[in-house]
**Q** 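Just passing along the structure, written as structure tokens.
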Amino acid sequence: MGKKLLFAAIAAGLFIMSGCQNNIGLSLDGKIVDQTYNSILPCADCSGIDTTILVNQDGSYVMEQSYQGTSDDNRSFFESGTWSLSKDKLTLTNSYGEKSYYLPREDKLVMLDIDGNVINSGLNYTLAKVQPKQLAGEFTYFADAGTFKDCQSGRVYAADGLVLEKGYFATGVDGGTPVYLEVRGYYSIRPSMEDGQYDRALVVTDNKPRFDRHGSCNSRRNSRS
């Protein structure tokens with residue numbers, strides 16, 4: 001079943017049974033600044049859907065959905081489209097014209113049903129604004145592009161910016177050599193350089209990344225054991 005149809009089935013069934021390089025934020029007055037929202041949302045035939053929504057200032061959005069506990073556990077589905085705000089309701093319209101609805105609540109987005117009504121359920125339908133935190137991984141810069149491999153998850157993220165590039169080459173390594181990096185930031189999504197594709201991306205929120213050319217995820221992990 002397609003992801004949109006699956007979401008619609010969940011929301012409709014529960015409704016019948018019950019009667020936006022800085023953060024993207026959405027407030028009740030309609031002011032949009034860059035912010036990312038994430039949560040594990042309910043799934044009819046899996047353990048949950050890891051959902052990330054990026055709401056951009058230019059009226060566009062990107063959504064990533066990863067189904068947990070299935071054969072597609074490591075596969076992500078992306079969609080993009082435009083958003084609009086009417087009163088206090090956020091409407092996302094994808095490239096096929098399909099709509100989904102959310103209520104902005106402080107630093108959260110509450111998912112609504114297919115008709116834009118509140119879902120009365122004990123399950124979680126709230127996505128929270130992603131907050132910066134201390135991250136550790138291995139940064140590599142090669143061919144004018146940077147990547148960051150998270151030590152904890154092993155996931156690789158696009159990672160660009162002059163601060164990272166300068167800090168990396170200040171270590172004296174050759175391009176393409178992984179260097180251990182500790183930095184404050186968060187993970188989001190963004191359109192890829194390849195048309196129609198998307199990247200998971202590291203968003204850096206401080207200007208003092210800490211590089212260690214002699215460190216690695218393995219060495220740091222072993223030092224703590």
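Index from 1, following the sequence.
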**Q** Using side-chain hydrogen bond (donor to acceptor under 3.5 Å, both in side chains) as the criterion, list what pairs up with Tyr198, not counting sequence neighbours.
**A**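 Result, side-chain hydrogen bond (donor to acceptor under 3.5 Å, both in side chains) vs Tyr198: Ser80.
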
**Q** What are the two closest non-hydrogen atoms of Gly48 and Ile40, and how far apart are they?
**A**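 For Gly48 and Ile40, the tightest heavy-atom pair comes out as CA-CG2, 3.8 Å.
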
**Q** Looking only at non-hydrogen atoms, find the nearest pair between Glu138 and Pro178 and report the distance.
**A**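 Nearest heavy atoms, Glu138 then Pro178: OE1-CB, 4.1 Å.
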
**Q** Pick one: which of Asp199, Thr36, Val62 meets side-chain contact (heavy atoms from CB on, under 4.5 Å) with Ile189?
**A**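 Option passing the side-chain contact (heavy atoms from CB on, under 4.5 Å) with Ile189: Val62.
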
**Q** I'd like to know if the side chain of Tyr125 and the backbone of Pro42 have a donor-acceptor N/O pair within less than 3.5 Å.
**A**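 Side chain of Tyr125 to backbone of Pro42, a donor-acceptor pair under 3.5 Å: no, none is there.
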
**Q** Between atom OH of Tyr141 and atom OG1 of Thr147, what is the distance when rounded to the nearest 0.5 Å?
**A**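 Going from the OH atom of Tyr141 to the OG1 atom of Thr147 covers 11.0 Å.
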
**Q** Between Tyr187 and Asp150, is any side-chain donor less than 3.5 angstrom from a side-chain acceptor?
**A**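 A pair is found: one side chain offers a donor N or O, the other an acceptor, under 3.5 Å apart.
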
**Q** Given Leu164 and Val204, is the side chain to side chain contact (heavy atoms under 4.5 Å, CB included) satisfied, shown in steps?
**A** CA-CA 9 Å; Leu164 294 179; Val204 175; 3.9 Å; yes

**Q** Which residues pass the salt bridge (Lys or Arg N to Asp or Glu O under 4.0 Å) test with Glu64, sequence neighbours left out?
**A**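 Glu64 satisfies salt bridge (Lys or Arg N to Asp or Glu O under 4.0 Å) with Arg200 once adjacent residues are dropped.
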
**Q** Would a single hydrophobic cluster contain both Leu123 and Ile119, if residues Ile, Leu, Val, Met, Phe, Trp and Tyr are joined by side-chain heavy-atom contacts under 4.5 Å?
**A**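 As far as the 4.5 Å side-chain criterion goes, Leu123 and Ile119 are connected within one cluster.
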
**Q** Main chain of Pro132, side chain of Arg184: is a donor-acceptor contact present, judged purely on distance under 3.5 Å?
**A**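 Such a contact is found between Arg184 side chain and Pro132 backbone.
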
**Q** Let me confirm one number: the CD-CZ distance from Gln134 to Arg210, rounded to the nearest 0.5 Å.
**A**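 Answer for the CD-CZ pair, Gln134 versus Arg210, is 4.5 Å.
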
**Q** Is a side-chain N or O of Asp160 found less than 3.5 angstrom from the main chain of Gly146, in a donor-acceptor match?
**A**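 Side chain of Asp160 to backbone of Gly146: a pair is present.
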
**Q** Quick check: does any side chain N or O of Ser47 sit under 3.5 Å from a backbone N or O of Gln68, one acting as donor and the other as acceptor?
**A**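 The answer is yes, because a donor-acceptor pair under 3.5 Å joins these two groups.
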
**Q** If you count every heavy atom of other residues, nucleotides or ligands that lies below 6.0 Å from Phe169 atom CZ, does the total exceed 12?
**A**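 Above 12, so yes.
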
**Q** Looking at every heavy atom in both Met63 and Tyr102, which two are closest together, and how far apart are they?
**A**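 Shortest heavy-atom contact: CE-OH, 3.5 Å.
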
**Q** What's the shortest heavy-atom distance between Val203 and Ser188, and which atoms?
**A**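 That closest heavy-atom pairing would be CG2-CB, 4.1 Å.
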
**Q** Roughly how far, to the nearest 0.5 Å, is OH of Tyr61 from OG1 of Thr91?
**A**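 Thr91 OG1 to Tyr61 OH: 10.5 Å, rounded to 0.5 Å.
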
**Q** Flag the pair Asp115 / Tyr101 as yes when at least one side-chain heavy-atom distance between them is below 4.5 Å, and no otherwise.
**A**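 Counting from C-beta outward, Asp115 and Tyr101 never come under 4.5 Å.
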
**Q** Any heavy-atom pair between the side chains of Thr140 and Thr177 that's under 4.5 Å?
**A**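 Side chain of Thr177 against side chain of Thr140, heavy atoms only: no contact under 4.5 Å found.
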
**Q** Between CG of Asn124 and CE of Met111, what distance do you get to the nearest 0.5 Å?
**A**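 Rounded to the nearest 0.5 Å, the CG-CE separation comes out at 11.0 Å.
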
**Q** Would you confirm whether Asn56, through its side chain, and Asp58, through its main-chain N or O, come within 3.5 Å as a donor-acceptor pair?
**A**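 Side chain of Asn56 to backbone of Asp58: no pair is present.
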
**Q** Minimum heavy-atom separation for Thr171 and Arg213, please, with both atom names.
**A**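 So the minimum-distance heavy-atom pair works out to O-NH1, 2.9 Å.
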
**Q** Is there a path of hydrophobic side-chain contacts, each under 4.5 Å between heavy atoms, that joins Tyr186 and Val156?
**A**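 Unlinked, Tyr186 and Val156 end up in two clusters.
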
**Q** Counting only N and O atoms by type, is there a donor-acceptor contact under 3.5 Å from the side chain of Ser216 to the main-chain atoms of Ser219?
**A**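 Indeed, once roles are kept as given, a pair shorter than 3.5 Å links the two residues.
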
**Q** At what distance, to the nearest 0.5 angstrom, does CG of Asp107 lie from CG of Leu127?
**A**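 Reported value, rounded in 0.5 Å steps: 12.5 Å.
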
**Q** Any idea which heavy atoms bring Ala136 and Tyr180 closest together, and the distance?
**A**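 The answer is CB-OH, 3.5 Å.
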
**Q** Compare all side-chain heavy atoms of Pro104 with those of Leu85 and state whether any distance is below 4.5 angstrom.
**A**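 Pro104 reaches Leu85 side chain to side chain.
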
**Q** Any side-chain to backbone donor/acceptor pair from Asn38 onto Thr51? Under 3.5 Å, distance only.
**A**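 Pair found, side chain donor or acceptor close to backbone of Thr51.
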
**Q** Can you find a heavy atom in the side chain of Leu109 that is under 4.5 Å from one in the side chain of Leu90?
**A**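 Yes, at least one pair of side-chain atoms sits under 4.5 Å.
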
**Q** Might you work through the side-chain hydrogen bond (donor to acceptor under 3.5 Å, both in side chains) test for Gln65 and Tyr67, ending with a clear yes or no?
**A** CA-CA 7 Å; Gln65 295 175 319; Tyr67 289 79; 4.5 Å; no

**Q** Drop me the distance from Glu79's CD to Ile53's CD1, to the nearest 0.5 angstrom.
**A**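 The CD1 atom of Ile53 is 8.5 Å from CD of Glu79, to the nearest 0.5 Å.
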
